[in-house]
Amino acid sequence: MVANLLDRFEFRSVRANEAEEIAEIEKICFPPHEACSKKDMFERVEHAPELFLVAVDKETGTIAGFLNGLATDEEAFRDEFFTDITVHNPEGKNIFLLGLDVRPEYRRQGLAREIMNQYVKREQAKGRKMLKLTCLEQKVEMYKKMGYKDEGISASVWGDEEWHEMSYAF
């Protein structure tokens, strides 16, 4: 199945002219209280495009899904990561993943897992030390299967939710 995904999709960093499409996918994939605002998403694309990994359907040219984050030397999630691009340090040793988005028509095909796998390989090759993310209770097992460790309830209360903080150490 992985070979099929690698044949079907191009995995690469986001391009500046794709910010609008990225922001629209975010609105589709997350409820309003959890989704990144259009303004913040545009800032992420502008200031940290190298920390996006998009999966582009080679047949249609459509972005099927993406993962985005920011780099920092910090070690715990905080809500400002979602809204303040100035905390991004391109040389940071840790990556905080801010959103995994897959369009509904591309779900249940292994694409989310493959985006995560490709991201891990890329950031490990860059010498990063750790990836961190937050997720709702119902997603904990999915991320554990991808190699992430559940560190318990996060200090982040983004979107007025209770999040599990998960880490993947290289």
Side-chain angles (χ1 to χ4, degrees), residues 10-27 29-30 32-56 63 65-102 111-136 139-140 142-144 146-170:
E10 174 190 5
F11 296 90
R12 59 166 172 75
S13 295
V14 71
R15 297 178 180 147
N17 66 346
E18 295 169 327
E20 186 75 41
E21 185 176 3
I22 290 291
E24 286 303 311
I25 295 169
E26 177 82 356
K27 282 175 51 179
C29 292
F30 285 95
H33 68 285
E34 293 175 18
C36 177
S37 74
K38 184 174 181 176
K39 173 190 165 290
D40 289 334
M41 191 60 80
F42 272 62
E43 286 180 354
R44 287 183 202 171
V45 170
E46 180 182 352
H47 296 287
E50 75 283 3
L51 289 178
F52 276 81
L53 183 67
V54 298
V56 180
I63 295 175
F66 68 90
L67 180 61
N68 75 105
L70 60 81
T72 178
D73 287 330
E74 293 185 45
E75 298 195 3
F77 238 100
R78 57 188 178 107
D79 290 343
E80 290 79 11
F81 292 164
F82 294 101
T83 59
D84 184 359
I85 195 62
T86 66
V87 299
H88 172 60
N89 168 8
E91 304 304 316
K93 65 182 178 185
N94 299 319
I95 302 293
F96 285 80
L97 300 174
L98 303 174
L100 174 61
D101 300 55
V102 176
L111 183 58
R113 180 181 295 273
E114 191 54 34
I115 292 171
M116 294 291 285
N117 289 340
Q118 293 290 324
Y119 202 98
V120 164
K121 288 178 191 174
R122 184 183 76 181
E123 295 308 316
Q124 186 173 24
K126 291 180 182 177
R128 305 290 189 188
K129 302 296 181 208
M130 185 182 330
L131 298 177
K132 295 199 91 168
L133 60 84
T134 56
C135 68
L136 297 173
K139 300 287 186 186
V140 168
M142 176 185 82
Y143 286 113
K144 280 184 175 179
M146 293 183 198
Y148 287 77
K149 176 185 166 211
D150 185 2
E151 296 182 350
I153 302 303
S154 176
S156 173
V157 292
W158 177 253
D160 292 324
E161 295 283 358
E162 181 176 81
W163 303 98
H164 283 255
E165 191 155 323
M166 315 263 318
S167 63
Y168 185 106
F170 294 116

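Hydrogens, waters and symmetry mates are skipped; everything else that's a heavy atom, side chains included, is used.
Considering only heavy atoms from C-beta on, Phe66 stays 4.5 Å or farther from Val102 through its side chain. Taking the side chain as every heavy atom from C-beta outward, Phe30 and Asp101 approach each other to under 4.5 Å. The shortest distance between side-chain heavy atoms of Leu97 and Asn68 does not fall below 4.5 Å. Side chains of Arg44 and Leu70 form no contact here, defined as non-hydrogen atoms less than 4.5 Å apart. Within the 4.5 Å cutoff, the side chain of Ser13 has heavy atoms near those of the Arg122 side chain. Ile95 is not listed as a side-chain neighbour of Met130, based on a closest heavy-atom distance of 4.5 Å or more. For the pair Leu131/Gln124, no side-chain contact is recorded, criterion being any heavy-atom separation below 4.5 Å from C-beta on. Side-chain atoms of Leu67 and Phe52, non-hydrogen and from C-beta on, never get closer than 4.5 Å to each other.
One N or O on the side chain of Glu18 and one on the backbone of Arg15 form a donor-acceptor pair closer than 3.5 Å. Glu21 places a side-chain N or O within 3.5 Å of a backbone atom of Ile63 that can act as its donor or acceptor partner. Trp158 places no side-chain N or O within 3.5 Å of a backbone atom of Phe82 that could act as its donor or acceptor partner. Using a distance-only test at 3.5 Å, with no hydrogens or angles considered, a donor-acceptor pair links the side chain of Asn94 to the main chain of Glu74. Panel note: side chain Trp163, backbone Val157; no donor-acceptor pair is recorded below 3.5 Å.
Heavy-atom minimum distance, Phe77 versus Leu133: CE1-CA, 3.5 Å. The two atoms that bring Ala71 and His88 nearest to each other are N-ND1, 3.1 Å, heavy atoms only. Residue Val45 comes nearest to Ala16 through the heavy atom pair CG1-CA, 4.1 Å, listed as atom of the first residue, atom of the second, then distance. Across Phe42 and Ala23, no two heavy atoms sit closer than the pair CE1-CB, 4.1 Å. Of all the heavy atoms in Gly92 and Arg128, the pair that sits closest is O-NH1, 2.6 Å. When all heavy atoms of Ala48 and Ile85 are compared, the pair lying nearest together is CB-CD1, 4.5 Å.
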Are Glu165 and Ile153 close enough, and set up right, to give a side-chain contact (heavy atoms from CB on, under 4.5 Å), and what steps lead you there? CA-CA 6 Å; Glu165 191 155 323; Ile153 302 303; over 6 Å; no
Would you check, one step at a time, whether the test side-chain contact (heavy atoms from CB on, under 4.5 Å) holds for Val87 with Arg78? CA-CA 11 Å; Val87 299; Arg78 57 188 178 107; 3.4 Å; yes
Assess the residue pair Leu51 and Leu98 against the criterion (side-chain contact (heavy atoms from CB on, under 4.5 Å)); give the C-alpha distance rounded to whole Å, side-chain angles, the decisive distance to 0.1 Å, and a yes or no. CA-CA 10 Å; Leu51 289 178; Leu98 303 174; over 6 Å; no
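Taking the side-chain contact (heavy atoms from CB on, under 4.5 Å) definition, one finds that Lys121 meets it with Gln118, sequence neighbours left out. Not counting sequence neighbours, the partners of Asp150 by the side-chain contact (heavy atoms from CB on, under 4.5 Å) test are Val140, Lys144, His164, Met166.
Between Glu75 and Lys93 there is a salt bridge, since at least one side-chain N of the basic residue sits less than 4.0 Å from a carboxylate O of the acidic one. With respect to the salt-bridge test (charged N to carboxylate O, under 4.0 angstrom), the residues Lys126 and Glu50 do not qualify. Contact check on Lys38 versus Glu26 returns no salt bridge, with no Lys/Arg side-chain nitrogen under 4.0 Å from an Asp/Glu carboxylate oxygen.
Side-chain contact of Asn89 with Thr72: a donor-acceptor pair under 3.5 Å is absent, judged by distance alone.
The number of heavy-atom neighbours closer than 6.0 Å to CG of Asp160, taken from other residues, nucleotides and ligands shown, is 12 or below. Crowding of Lys149 atom NZ: a count of heavy atoms from other residues, nucleotides or ligands under 6.0 Å not exceeding 12.
Between Tyr143 and Tyr148, the ring-plane angle classifies as perpendicular under the 30° and 60° cut-offs.
Distance check: Ile22 CD1 to Lys27 NZ gives 14.0 Å after rounding to the nearest 0.5 Å.
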